[in-house]
Peer 1: 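Can you keep this structure in mind? I'll have questions shortly.
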Amino acid sequence: MDYKTKSFNSDGVIIAYTDHGNGDPILLLHGFASNFVVNWIETKWISYLLGENRRVIAIDHRGHGCSQKLYDPDSYGAIVMAQDACRLLDHLQIDYADVMGYSMGARIAAFLTLANPTRIRSVIFGGLGYNMIRGMAGTSLIAQALETRSIDEVKDSTARTFRTFAEHTGSDLYALAACIRSSRDPVSRDDISRISCPVLVAVGTDDTVSGSASGLASLIPNAQSLEIRGRDHMKAVGDHLYKKGVSDFLAKRA
């Protein structure tokens with residue numbers, strides 16, 4: 001299937017997206033240094049959800065994929081990117097949608113849900129558990145690794161992993177560095193507890209990045225957790241147990 005890339009103007013920033021299918025809409029928000037092709041097409045997520053008779057919309061966050069590249073950290077942050085996602089729903093005249101975010105996309109999904117509680121039918125936090133409320137450490141090392149002339153100069157193992165992935169996805173390294181230097185404020189315990197729609201938190205059991213799925217779910221009134229057995233942060237995203245868990249969750253949510 002040809003997943004055609006479209007675009008729209010989000011308050012002066014050109015944002016790329018793809019939109020296919022009919023039925024209940026679900027908006028997909030990818031992780032840092034990824035894009036909708038890598039996060040959702042190559043992992044077969046979009047074809048899977050289309051097979052569930054859903055309308056599937058996936059965005060390229062600003063600075064990522066085919067969206068406009070910006071080099072000022074003030075142009076990024078989860079709250080700003082959540083506004084892009086909401087404007088995409090407005091652009092497509094979608095009043096009410098399910099949302100699934102992975103890793104950074106899960107943090108964006110949280111801010112989107114908190115700001116627009118009447119528009120989010122349910123939310124799936126993939127690849128981000130309890131660390132959603134702890135914030136992210138080591139971002140300056142990652143930014144430096146992205147800005148370094150050669151990956152051979154990157155010594156920190158975590159930063160090197162991010163640089164390797166960014167090169168794999170063909171990303172603009174300087175735009176990503178600006179993105180990760182932006183505000184990385186965690187979602188507070190009080191805020192996360194205000195999410196009242198059905199929530200699924202899905203994290204790999206070998207994921208050392210995300211924190212506990214059950215730990216985050218315990219803070220949200222109408223949440224459940226899913227452990228993706230034997231998967232780390234990178235491999236969990238395309239796992240069939242993750243897909244089956246999301247399918248069951250969407251079928252049973254109110």
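From a predicted model like this one, the values you see are computed outputs, not experimental measurements.
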Peer 1: Any salt bridge linking R87 with D90? Criterion: basic side-chain nitrogen under 4.0 Å from a carboxylate oxygen.
Peer 2: no

Peer 1: Distance only, no hydrogens: is a donor on one side chain within 3.5 Å (strictly under) of an acceptor on the other, for S34 and H64?
Peer 2: no

Peer 1: Taking the side chain as every heavy atom from C-beta outward, state whether W45 and V56 have any pair of such atoms under 4.5 Å apart.
Peer 2: no

Peer 1: Checking side chain to side chain contact (heavy atoms under 4.5 Å, CB included) between H61 and each of L29, D84, N35, which is the one that passes?
Peer 2: L29

Peer 1: Test D19 against every option in H91, K6, R55 by the side chain to side chain donor-acceptor pair (under 3.5 Å) rule and name the one that passes.
Peer 2: R55

Peer 1: How long is the span from the OG atom in S193 to the CZ atom in R189, to the nearest 0.5 Å?
Peer 2: 9.0 Å

Peer 1: Look at the side chain of D172 and the backbone N and O of G63, then say whether any donor-acceptor pair between them is shorter than 3.5 Å.
Peer 2: no

Peer 1: Establish whether F165 and W40 are linked, either directly or via other cluster members, by ILVMFWY side-chain heavy-atom contacts under 4.5 Å.
Peer 2: no

Peer 1: Do I180 and Y174 share a hydrophobic cluster, counting only Ile, Leu, Val, Met, Phe, Trp and Tyr and linking them when any side-chain heavy atoms are less than 4.5 Å apart?
Peer 2: no

Peer 1: Distance-only, no hydrogens or angles: does the S182 side chain make a donor-acceptor pair with backbone N or O of G77 under 3.5 Å?
Peer 2: yes

Peer 1: Check the pair R229 / D239 against side chain to side chain contact (heavy atoms under 4.5 Å, CB included), numbers first and verdict last.
Peer 2: CA-CA 9 Å; R229 291 289 174 187; D239 189 85; over 6 Å; no

Peer 1: Below 4.5 Å, heavy atoms only, C-beta onward: do I108 and M104 meet side chain to side chain?
Peer 2: yes

Peer 1: Donor-acceptor check, side chain of K69 to backbone of G65, threshold 3.5 angstrom: yes or no?
Peer 2: yes

Peer 1: With heavy-atom distances below 4.5 Å as the criterion, would you say the side chains of I124 and D98 are in contact?
Peer 2: no

Peer 1: Ignoring hydrogens and angles, tell me if any N or O in the side chain of T161 forms a donor-acceptor pair with the backbone of S157 under 3.5 Å.
Peer 2: yes

Peer 1: State, with a plain yes or no, whether a side-chain heavy atom of Y102 is found less than 4.5 Å away from one of H30.
Peer 2: no

Peer 1: State, with a plain yes or no, whether a side-chain heavy atom of T158 is found less than 4.5 Å away from one of L141.
Peer 2: no

Peer 1: Same hydrophobic cluster for L241 and V246, using side-chain heavy-atom links shorter than 4.5 Å among ILVMFWY?
Peer 2: no

Peer 1: Can you tell me if R54 uses its side chain to pair, donor with acceptor, with the backbone of I26 under 3.5 Å?
Peer 2: no

Peer 1: Under a 3.5 Å distance rule, please check whether S10 uses its side chain to pair with a backbone N or O of V13 as donor and acceptor.
Peer 2: no

Peer 1: Taking all heavy atoms of Y242 and all of A202, pick out the closest pair and write down the distance.
Peer 2: CE1-CB, 3.6 Å

Peer 1: Under the criterion side chain to side chain contact (heavy atoms under 4.5 Å, CB included), I'd like the reasoning laid out for F8 against L92: C-alpha separation, chi angles, the key distance, then a yes or no.
Peer 2: CA-CA 10 Å; F8 79 108; L92 297 175; over 6 Å; no

Peer 1: Looking at CE of M100 and CZ of F249, how far apart are the two atoms once the value is rounded to the nearest 0.5 Å?
Peer 2: 10.5 Å

Peer 1: Do you know which two heavy atoms are closest between L200 and S225, and how far apart they sit?
Peer 2: CD1-C, 4.2 Å

Peer 1: Test side chain to side chain contact (heavy atoms under 4.5 Å, CB included) on L49 and L28 and set out the steps.
Peer 2: CA-CA 11 Å; L49 291 168; L28 306 180; 4.1 Å; yes

Peer 1: So do the side chains of I195 and F125 get within less than 4.5 Å of each other, counting heavy atoms only?
Peer 2: yes

Peer 1: Quick check: does any side chain N or O of R160 sit under 3.5 Å from a backbone N or O of V154, one acting as donor and the other as acceptor?
Peer 2: yes

Peer 1: Say you draw a straight line from OG1 of T18 to OH of Y3; how long is it, rounded to the nearest 0.5 Å?
Peer 2: 8.5 Å

Peer 1: Does I15 reach the side chain of S67, with side-chain heavy atoms less than 4.5 Å apart?
Peer 2: yes

Peer 1: Of the non-hydrogen atoms in A213 and L226, which two are nearest, and what is the gap between them?
Peer 2: CB-O, 4.2 Å

Peer 1: Do you know which two heavy atoms are closest between A145 and R163, and how far apart they sit?
Peer 2: O-NH1, 2.6 Å

Peer 1: Determine, using the 4.5 Å side-chain heavy-atom cutoff (strictly less than), whether V38 and V237 are members of one ILVMFWY cluster.
Peer 2: no

Peer 1: Any side-chain to backbone donor/acceptor pair from T205 onto G230? Under 3.5 Å, distance only.
Peer 2: yes

Peer 1: Nearest 0.5 Å, what's the CG-CZ distance between D72 and R181?
Peer 2: 12.0 Å

Peer 1: Taking all atoms of both residues into account, what is the closest heavy-atom pair of S171 and A33, and its distance?
Peer 2: OG-O, 3.3 Å

Peer 1: Could you give me the CA-CA distance, side-chain angles and deciding distance for R194 and L114, then say whether side chain to side chain contact (heavy atoms under 4.5 Å, CB included) is met?
Peer 2: CA-CA 7 Å; R194 291 194 293 107; L114 287 165; 3.8 Å; yes

Peer 1: Would a distance-only check, ignoring hydrogens and angles, find a side-chain to backbone donor-acceptor pair under 3.5 Å from R62 to V80?
Peer 2: no

Peer 1: Does CG belonging to N22 count more than 12 external heavy atoms closer than 6.0 Å?
Peer 2: no

Peer 1: Where is the tightest heavy-atom contact between L146 and F32, given as atom of each residue plus distance?
Peer 2: CD1-CZ, 3.9 Å

Peer 1: State yes or no: do I220 and V99 share one hydrophobic cluster built from I, L, V, M, F, W and Y residues joined by side-chain heavy-atom distances below 4.5 Å, directly or via other members?
Peer 2: yes

Peer 1: Evaluate the side-chain proximity of I133 to L216: yes if any heavy-atom separation is below 4.5 Å, no if none is.
Peer 2: yes

Peer 1: Is the backbone of R119 close enough, under 3.5 Å, to the side chain of N116 for a donor and an acceptor to pair up by distance?
Peer 2: no

Peer 1: If I take atom CG from residue L112 and atom CD1 from residue I79, how far apart are they, to the nearest 0.5 angstrom?
Peer 2: 12.0 Å

Peer 1: Please report the interatomic distance CZ(F36) to CD1(I41), rounded to the nearest 0.5 Å.
Peer 2: 5.0 Å

